[in-house]
Protein chains: 2
Amino acid sequence: MPSDTVIPIEIDLITALEDRGLRKTATRSTIVARIETANDAFTAEQLCRDLPGVGRATVYRTIRHLVDAGALCKLPILDGAPMYSIARVEHHHHTICSKCGTIGEFRDSTVERVMRSLGKEIDGDIVGHRMEIFITCNRCLGISKSGASIA
Amino acid sequence: MPSDTVIPIEIDLITALEDRGLRKTATRSTIVARIETANDAFTAEQLCRDLPGVGRATVYRTIRHLVDAGALCKLPILDGAPMYSIARVEHHHHTICSKCGTIGEFRDSTVERVMRSLGKEIDGDIVGHRMEIFITCNRCLGISKSGASIA
DNA sequence: TACGTTTCTGATACTTGATATCAATACGCG
DNA sequence: CGCGTATTGATATCAAGTATCAGAAACGTA
Ligand SMILES: [Mn+2]
Ligand SMILES: [Mn+2]
Ligand SMILES: [Zn+2]
Ligand SMILES: [Zn+2]
């Protein structure tokens, strides 16, 4: 059962923008390329730093467009700027490594089932939910086990 | 089975500060009184507005102390300043009304059970979790039903 | 391809939330 | 009291993010 052929759900961010009637511009392609190649959660300011030629306003605007399009998740960080990651699945939740901040995604049907059953206990109508699991990621576990430091 | 006698878990915020070795000052008593009497979720800026005589720095510092003491929950709001509420139970989750922003608290053992079972599926060690349920609260439902507007 | 309309861009100024500084003040212990 | 330390709050500063708006780029149309 060779499963080397992983088929990623390829999401073309620039297409997501065009689908919303937005023009395909050089600047947007630059921003989107950075997001897609790094393929990791990021903050708006990180993007600004990585793309010195691009104005901050445009970075923030483009991110907002992508979030509105549902192509990016916006994840609140308790003590800092929100992080963004490409939305690979319709509805999902996030893991956040408390050590290094790395963000992962997961789906779990039991979580959704519990949500539905909570409807009876909760006052009002449930319109959505959010959930984050804080972890120590495998890499950080490895680091702490070996006692080695990266920085 | 008359259950009119609800015994609230009375939490004395000023005591929570003293227990941490902090002094009981007039300013801290003022801040804490505002939090305890309003008895509702709030932002730091709201507190500053409600307490014109108190310096912003002190408001922010006191809130931080209370969060560190575990006496206040700090709840990230995706598009805005974090909100704080008195922590009445050890571990719990929040409901947020999408219309009016009112925050509620709840505990549910099935949520915690699901969390534990997720440990097998998640890479790394789970060290915590957070969950918010977005609702339309009963008051907002009533308002929208009657079609009346408050403002 | 040239044109005209509309969208987009980015420098700049501004807003908001929050922290750093530090001289003056208040606690609280003896 | 009286002293040493913690606290306070005006102020400056920082950080994230938005509003403005003149010039540039996109793109439907001819
Ligand atoms: Mn979910
Ligand atoms: Mn929980
Ligand atoms: Zn990690
Ligand atoms: Zn409501």
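Letters go in sequence order (proteins before strands), and every chain restarts at 1. Just so it is clear, the values below take in all heavy atoms, side chains as well, and ignore hydrogens, waters and symmetry mates.
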Please determine, for the side chain of [X], which listed nucleotide ([options]) has the closest atom?
X: A:Arg28; options: C:dC8, C:dG10, D:dG4; result: C:dC8
X: A:Arg23; options: C:dG10, D:dA25, C:dG28; result: D:dA25
X: B:Thr25; options: D:dC27, C:dC27, C:dC8; result: C:dC27

> Do the side chain of A:Arg20 and the main chain of A:His65 share a donor and acceptor less than 3.5 angstrom apart?
Replying inline: no
> Short question: side chain of A:Asp125, backbone of B:Thr136 - any donor-acceptor pair under 3.5 Å?
Replying inline: no
Which whole-number value in Å describes the distance from [X] [atom1] to [N] [atom2]?
X: A:Leu78; N: C:dA18; atom1: CG; atom2: P; value: 11 Å
X: B:Glu18; N: C:dC29; atom1: CD; atom2: P; value: 10 Å
X: B:Leu47; N: D:dT8; atom1: CG; atom2: P; value: 14 Å
X: B:Ile14; N: D:dT7; atom1: CD1; atom2: C1'; value: 12 Å
X: B:Gln46; N: C:dG17; atom1: CD; atom2: P; value: 10 Å
X: B:Ile77; N: C:dT16; atom1: CD1; atom2: P; value: 19 Å
X: A:Leu66; N: C:dC8; atom1: CG; atom2: P; value: 13 Å
X: B:Leu75; N: C:dG17; atom1: CG; atom2: P; value: 16 Å

>> Could you go through B:Arg61 and B:Thr58, starting from their C-alpha distance and side-chain angles, then the distance that decides it, and tell me whether this counts as side-chain hydrogen bond (donor to acceptor under 3.5 Å, both in side chains)?
In response: CA-CA 5 Å; B:Arg61 274 187 298 237; B:Thr58 305; 3.1 Å; yes
>> Quick check on the helix from C:dT1-D:dA30 to C:dG30-D:dC1: what's the angle between its two end axes, five base pairs per end, to the nearest 10°?
In response: 30°
> Between A:Met131 and A:Asp108, is a side-chain contact (heavy atoms from CB on, under 4.5 Å) present by the stated rule, with each step listed?
Replying inline: CA-CA 11 Å; A:Met131 163 163 173; A:Asp108 184 83; over 6 Å; no
> Can you check side-chain hydrogen bond (donor to acceptor under 3.5 Å, both in side chains) on A:Tyr60 and A:Glu45, steps first, answer last?
Replying inline: CA-CA 9 Å; A:Tyr60 277 94; A:Glu45 290 302 317; 2.4 Å; yes
> Under a 4.0 Å N-O cut-off, is there an ion pair linking A:Arg107 with A:Glu112?
Replying inline: no
> Would you call A:Lys24 and A:Glu18 a salt bridge, taking side-chain N to carboxylate O under 4.0 Å as the test?
Replying inline: no
> Are A:His93 and B:His129 close enough that their ring centers fall under 6.0 Å?
Replying inline: no
> 5'-most contact on DNA chain C: A:Gly53 or B:Leu22, nearest heavy atom basis?
Replying inline: A:Gly53
Please enumerate all protein N or O atoms sitting under 3.5 Å from an N or O of nucleotides 12-21 of chain D, with distances to 0.1 Å.
unit_1	atom_1	unit_2	atom_2	d
D:dG17	OP2	A:Tyr60	OH	3.0

>> Counting the atoms with a prime plus P, OP1 and OP2 as sugar-phosphate, which does A:Thr58 contact under 4.0 Å by heavy atoms, base, sugar-phosphate, or nothing?
In response: base
> Taking all non-hydrogen atoms of both residues, which atom of A:Phe106 and which atom of A:His92 are closest, and how far apart?
Replying inline: O-CB, 3.3 Å
